[in-house]
Amino acid sequence: PRSGQPVDHGLASVTVVALDCATADAYATALMVLGPVVGLKLVQATPHVEALFLVREGGAWVQKHSPGMAGNLLLGD
C-alpha cells in the first residue's frame, strides 16, 4: 500500500488483541504494511494493543510478539 508494490518483508500474518475489534483490525492491517520491525515498535508504544507476528526468516517460521501478548498465548514445550 505504501508504494503499490508487494511487501518485501517476510511477514506472513499478524494477530492483534485490542479493546475492540475495529481497533484490532485497523492495527493488523497497518502492521502488515509496516512489517515486523517497525510494527513491533508501534505496538510497544501503544497502550491496550498487543500483537503476534509470524515471520519467515531463512527457511523457518519465527514468532515475534509484544511483551503483553505472551499472556494471550498458549506456548508449547
Practice problem: Quick one: do Glu50 and Val16 satisfy side chain to side chain contact (heavy atoms under 4.5 Å, CB included)? Show the steps, please. | Solution: CA-CA 6 Å; Glu50 303 296 340; Val16 177; over 6 Å; no
Scanning both residues in full, the closest heavy-atom pair of Trp61 with Ala12 reads CZ3-CB, 3.3 Å
Apply side chain to side chain contact (heavy atoms under 4.5 Å, CB included) to residues Leu42 and Tyr27 and explain how you reach the verdict. CA-CA 9 Å; Leu42 174 63; Tyr27 270 91; 4.1 Å; yes
Would you say Val38 and Val49 are hydrophobically clustered, going by side-chain heavy atoms of ILVMFWY under 4.5 Å? yes
Distance col, row Leu11:CG vs Glu57:CD, nearest 0.5 angstrom, shows 10.5 Å
Between Leu34 and Gly39 the two heavy atoms that sit nearest each other are CB-N, 4.0 Å
On a heavy-atom basis, the closest approach of Thr15 and Met69 is O-CE, 3.9 Å
- Shared ILVMFWY cluster between Val14 and Val62, side chains joined below 4.5 angstrom? no
Are Leu54 and Met32 in one and the same hydrophobic cluster, where Ile, Leu, Val, Met, Phe, Trp and Tyr link if side-chain heavy atoms are under 4.5 Å apart? no
In this structure, CD of Gln63 is separated from OG of Ser13 (nearest 0.5 Å) by 9.0 Å
CG (Leu40) and NE2 (His65) are apart, to the nearest 0.5 Å, by 9.5 Å
Point to revise | Flag, side chain of Ser66 to backbone of Ala51, donor-acceptor distance under 3.5 Å | key: yes
